[in-house]
Amino acid sequence: MEYEATKVNVSITLCILGLIDTDTAMKATAGIYTAQASPKEECALEIIKGGALRQDEVYYDSSILTSLLLRNPGRKIMEFLSLKRYNMERFINN
Ligand SMILES: *[C@@H]1O[C@H](CO)[C@@H](O)[C@H](O)[C@H]1NC(C)=O
């Protein structure tokens, strides 16, 4: 939000991922967590696409339902409301 307010042209993509079938994740969750793991190659592509397209957020999970539940529709509203509290003149000149 601060970069946007100060016209710094940078994009930040928040990636919220489900269980991905990397060796580390598979070892760490074996026998503990039973969710279907998503393919790492497809996950990597989604992350790259999200960054290249300057998306605010990327949600990636094999379950469509989980992907939908992970979304945070209130965030944009909160950002808009909090930005209104800045004194932009002072913020930009400092
Ligand atoms: C911001 O950077 C992107 C990627 O380099 C570019 O496509 C876009 O035109 C830039 N926007 C502004 C307002 O400079």
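Start at 1 and go down the list; that is how both ligands and their atoms are numbered. Residues take their numbers from the sequence shown, with the count starting at 1.
Checking atom 7 (O) of ligand 1 against the protein gives no heavy-atom contact under 4.0 Å. Closer than 4.0 Å to atom 11 (N) of ligand 1 lies at least one heavy atom of the protein.
Nearest non-hydrogen protein atom to atom 9 (O) of ligand 1 is Asn9 ND2, 4.8 Å. If you check which protein heavy atom lies closest to atom 5 (O) of ligand 1, you get Arg54 NH1, 4.4 Å.
Annotation for Ile77: atom CD1 does not count as buried by contact number, only 12 or fewer foreign heavy atoms lying within 6.0 Å.
Going from atom OH of Tyr60 over to atom NZ of Lys40 covers 11.0 Å, rounded to the nearest 0.5 Å. Summarising the geometry, atom OH belonging to Tyr3 is positioned 6.0 Å from atom CD1 belonging to Ile12; distances are rounded to the nearest 0.5 Å.
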Inset, instruction - Could you walk me through whether Asp61 and Leu17 pass the side-chain contact (heavy atoms from CB on, under 4.5 Å) test, one step at a time? - result: CA-CA 6 Å; Asp61 189 89; Leu17 312 173; over 6 Å; no
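Using a 4.5 Å cut-off on side-chain heavy atoms (C-beta onward), Thr29 and Leu19 make contact.
Ligand 1 is never approached by Lys7 to a heavy-atom distance shorter than 4.0 Å.
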